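Below: one structure, written as structure tokens.
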Amino acid sequence: MISDRRRCQGVPAGPVVVVLLAALSGCAIGPRYKAPGAPPVSRYTHRPGPTTLTGTHGPAGVSQHFHYGVSPRVRWWRAFRSRPLDTLIAAALKNNRTLAADRARLMEARAVVAADAGIFYPQINANLGALREKAPSSGSTGGHFPGVYSLYTGGLSVSYYPDVFGANRLVYNSAHAQALFARDQLLAAQLSLIGNVATTAVQAASYRAQIRATRRIIARETELLSLTQLQYRTGAVSYLSVVNQESQLATNKAALPALLQKLALARYELATLIGRFPAQWRPIHLRLSSLHLPRNLPVSLPSVLARERPDIRAATEQMRYANAEVGIADAQFYPIVQITGSIGQESLTVGHFFNAASTVWGLGANLLAPLFHGGTLRAQRREALELYAGARATYEQTVLGAFQQVAGSLRALEHDAEALRAEGDAYAASREALRLAKNSYRAGAIDSLSLLTTEALYSQARIAYVRAEAQRYLDTVALYTALGGSPLAPRPNKATPGHPATSVTTATPQRNAP
């Protein structure tokens, strides 16, 4: 947040006096940066979130317990206890090209910070030169300077810009904020990549299970059609029954290519996420049965989410950068002080180059103060202020979006448990109906047409149940990614020139009631 425009109060306008007083007082220009406060809410949803989701049928139907005030662990996907999923995510983190580009941008930003840090130190240069030159003749100059001569020079020059008003610090802070932004962008990209790999792998497993069930349905429907046609030829049923069965079979056959296409696209997407061409990647098949639904789900406190989620931290660093840009714009109104010094040797002959008489030196100071720029400086400051306002709005929208995702995931998991319970009941009922139909068929109580019809209904219930299973896994992944997980790399403290950054770890907050 921007507060005062300048922090040098009561400084006279005279440039020399300004420089002297500033050097003595160490005052600095530019607005102070104030980090955004905690969100004004204590929970994600209007009514209290769920605490326990009652278990139901199958491995995806285990009870889940929400632990509010606990942040996700670093490698949260291991809670699914699936080796194929671990393998896919490890390969993606190693080979993903987008992640590699983000790493390069981080290294670039850090190099800019290192370069900008050099302004805090004197710039020292060495020079050595030799010159052969013909001067005007003595007749034209009236002197006795030789017409052709050699000049040998060498020495050291020092240039230093004292950070009188803190302008150098502002430039450094701007670059450092961009480096932190690049770091958090990398962490956000890692989190997004992990979520995408897990989501796509679960979807692919769901499509494979649905394809198997659909093929069984098609096989049963084909047998049903043959029996219906036979019954029609014997006059047992009307032609309408044949047409209805043909329509049902065609509908199920039409569903199969769509599922096959979805599975192919999921495989190609996984290959791309892992950094492989679709033609050269051998898919790692993940089965829903190999996944274990996490029983304990961490839910970070809203204040922790706003502080830990990578994209929110990135938006915060953009605010810090924009704040520094306002200070840099303010610095344009103040004088720039430069101190220079040099010492060296100049001689017309090599033999006299190191003589004391050939020593030359110089010491100087320069002050450049803006007087009139046609409104350019004020316009640049307005531009910087609007940049900050935009960064602030982006930060607020990012926080709102993050809270929306967490709230949606919590409710989705709650509804997923209800849907899985209903689909599980339907699936169990259809399985029991199939068992009874098989017993009745063996006893001669029903015909094969009734048995095949029951088998087809069972397969359809199986497909619906598989979809409900997959959705519960998908929304669990969505909750982890919405919470931001935990970074896979150390987050350094803010560095200062000459003081390397140190790594910090995030303490786990105490558990609170929902």
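Keep in mind that this is a model prediction, so the values were computed, not measured.
- Ring-plane geometry between Tyr172 and Phe120 is classed as perpendicular, the angle between the planes exceeding 60 degrees on a 0 to 90 degree scale with a lower cut at 30.
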Go through the steps to decide whether Leu451 and Leu434 satisfy the test side-chain contact (heavy atoms from CB on, under 4.5 Å), and finish with yes or no. CA-CA 7 Å; Leu451 175 61; Leu434 178 60; 4.2 Å; yes

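- Using a 4.0 Å cut-off between charged side-chain N and carboxylate O, Arg105 and Glu108 make no salt bridge.
- Judged by distance alone, the side chains of Thr228 and Gln245 never bring a donor and an acceptor atom under 3.5 Å apart.
- When side chains are defined from C-beta on, Thr98 does not count as touching Leu193, because their heavy atoms never get closer than 4.5 Å.
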Let me see the working for Val477 and Trp77 under side-chain contact (heavy atoms from CB on, under 4.5 Å), right down to the final yes or no. CA-CA 8 Å; Val477 171; Trp77 60 91; over 6 Å; no

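- For an aromatic pair to be called close, the ring centres must be under 6.0 Å apart, and Tyr232 with Tyr239 satisfies this.
- Here Tyr268 pairs with nothing under the ring pair (Phe, Tyr, Trp, His ring centres under 6.0 Å) rule; sequence neighbours left out.
- Judged purely by atom type and a 3.5 angstrom limit, Ser82 has no side-chain atom pairing as donor or acceptor with the backbone of Arg78.
- With no hydrogens or angles considered, a side-chain donor-acceptor pair links Asp475 and Gln471 at under 3.5 Å.
- Within the 3.5 Å criterion, the main-chain N or O of Arg287 finds a donor-acceptor partner in the side chain of Ser290.
- With hydrogens and angles disregarded, no donor-acceptor distance shorter than 3.5 Å links the side chain of Arg267 to the backbone of Ala204.
- Of the charged side-chain nitrogens involved, at least one lies within less than 4.0 Å of a carboxylate oxygen, so that Glu317 and Arg320 count as a salt-bridged pair.
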Just do the side-chain contact (heavy atoms from CB on, under 4.5 Å) check on Asp102 and Gln185 with the steps written out, would you? CA-CA 7 Å; Asp102 286 336; Gln185 283 285 84; 5.6 Å; no

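- No donor-acceptor contact under 3.5 angstrom links the side chains of Ser206 and Arg467, judged on distance only.
- Using a 4.0 Å cut-off between charged side-chain N and carboxylate O, Arg392 and Glu396 make a salt bridge.
- Taking a cutoff of 4.0 Å between a charged side-chain nitrogen and a carboxylate oxygen, Arg472 and Asp416 do not qualify as a salt bridge.
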Take His285 and Arg208 through the side chain to side chain donor-acceptor pair (under 3.5 Å) test and state the conclusion after the steps. CA-CA 9 Å; His285 294 307; Arg208 280 191 290 270; 3.3 Å; yes

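- A cation-pi geometry, defined here as NZ or CZ lying under 6.0 Å from the six-membered ring centre and within 45° of its normal, holds between Arg431 and Tyr427.
- Defined by atom type and a distance below 3.5 Å, a donor-acceptor pair is present between the side-chain atoms of Asn296 and His67.
- Expressed to the nearest 0.5 Å, how far CD of Gln318 lies from CG of Asn323 amounts to 12.5 Å.
- When atom types are taken as modelled, the side chain of Ser247 and the backbone of Val243 share no donor-acceptor pair closer than 3.5 angstrom.
- Note on ring orientation: taking the six-membered ring where Trp is involved, the planes of Phe66 and Tyr68 are tilted (angle from 30° to 60°).
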